[in-house]
*Asks:* 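After the structure tokens below, expect a handful of questions from me.
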Amino acid sequence: MTDRSGLSRRGLLIAGVAAATAVPVAPAWGADELRPGAVTRPKLDKYDRQIVSGLSSDRALQHLQVLSERIGPRIGGTPSEKRAADYIAGQLDKFGYRTKLEPFPVADKFLAQITDIRGMLPDDLCWQAGAAPGGKLDVTVEGPVRDVGPASAPVWPADVAGAIVIADDTAAARPAFVAEAAARGAVGVILLPADQVFPRRASAFSPSGLTGAPIPVIGVAQVQKRLIREALAVVTALPLRISTAAYRGLISNNVIGERRGKSDGPIVMVSGHYDSVIGAPGANDDGSGTVLTMELARVFSRIPVDATLRFALWGSEEQGLIGSRYHVAQLPQAQRDRYRAVFQNDMVATSWDPAVTYWLLSFTGLANTATDAVRAAGQRLGYDAQLVGPVERGASDHQSFQEVGIAAANFSWRGELAPSYLEPPYHSPEDTIAKNVSLERLQVSMELIGCAAYAVARSS
Ligand SMILES: [Zn+2]
């Protein structure tokens, strides 16, 4: 029995390591070959061939590793987002674009980090969480974890003093619960979100509703809750360290690379957002759209067109389209009138099997130059059956442009039932390359948008 459990434990460890280091295999298909998931063979024109022969999902993957692994979560206005902005701007510079950062103010952020002192939790998961602005900030505490059950009706063990207390969160119970935990000598509180209905999983959060609590209070994601409780069930002690940090007076940035065409001529834009939510490495949301935009910028840098090309990566999308709304508000009407199409790419590479539909999402619900061009590119690439839309949906940066009458749409792989069927790792610590990225889907997305944008840029 001992040997068997020892072996299976080692097997689990090896599987865990493999999952952490697994890198998807770069797809390889000829220009005229049937694409994965497609039912008809492509019929590409000579311009499409220029795009598809130039694209490299390996290069896109390298950018994605920098963004989602080396930098990790990119929270609007914090140093993590700025590191990503500088990296993206450096690459667009290298491709020869006139590149600028467009700064704008955003709200304060309150973050936390969990460190597993004994090494009992999987280390291939992101352990960032949200901190309560009304709890103690810029502090590090450590102690053994004590699970008291629901915060609304806690069962207090005798040895709470010096411990980190975990409890199932309800917003109304927070003030009284945190006060009692502090009075009993707890050094910190981890609030656990309720499980959401599949395929949703709760995100990490900065708990609101507290003022002047004397200890740090943090909010974790559903997967972090599960793993902490699973560890508690099988170890004698689970000591954790939690650190909180406040970021105030923040500036977030859009990154925009431009190649000027004829003055007063048409503008074609490809875009994504490069920020992520708390606790999420943001590999698919929206590292995928970011690296698609960067790789298309590289490919187009060698393709002459008369139109002005703009490649834009928006900051602070996750707090309500703040970056793209700021950008559009600054755009003079004379420039707005020159836009032919904005191709926004938000979540374009999930490896979730049921995400077999490539949605054309329009804030107005109506077709426009962007949706028409992607539909036509889909037909040439053999994807007519997988493309659905235009369907009415905002909630990404295309909305900011459509609000002022510019032709724009968001493009995204999602479940076939409705565009609300997002993959389970969405907005969670599991939004990683290993758990949530298909290079095949990324390559297909790059082909669709590249061929569509080239067609619009040529015909403008
Ligand atoms: Zn997104």
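Remember, it's 1-based here, ligands and their atoms both numbered in the order they're listed.
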*Asks:* Any heavy-atom pair between the side chains of Thr369 and Phe343 that's under 4.5 Å?
*Replies:* no
*Asks:* Under a 3.5 Å threshold, yes or no: a donor from one side chain and an acceptor from the other, between Gln344 and His273?
*Replies:* no
*Asks:* If we ignore angles and hydrogens, is there a donor and acceptor under 3.5 Å between the side chains of Thr364 and Glu392?
*Replies:* no
*Asks:* Identify each donor-acceptor pair in which a side-chain atom of residues 128-135 lies under 3.5 Å from a protein atom, sequence neighbours left out, and give them as a table.
*Replies:*
| from | atom 1 | to | atom 2 | distance (Å) |
| --- | --- | --- | --- | --- |
| Gln128 | OE1 | Gly279 | N | 2.8 |

*Asks:* At distances under 2.8 Å, what protein N, O or S atoms surround the Zn ion (ligand 1)?
*Replies:* His273 NE2, Asp285 OD1, Asp346 OD1, Asp346 OD2
*Asks:* Who pairs with Glu403 by salt bridge (charged side-chain N to carboxylate O under 4.0 Å, His left out), at least two apart in sequence or on another chain?
*Replies:* Arg325
*Asks:* Sequence neighbours excluded, which residues qualify as ring pair (Phe, Tyr, Trp, His ring centres under 6.0 Å) partners of Tyr426?
*Replies:* none
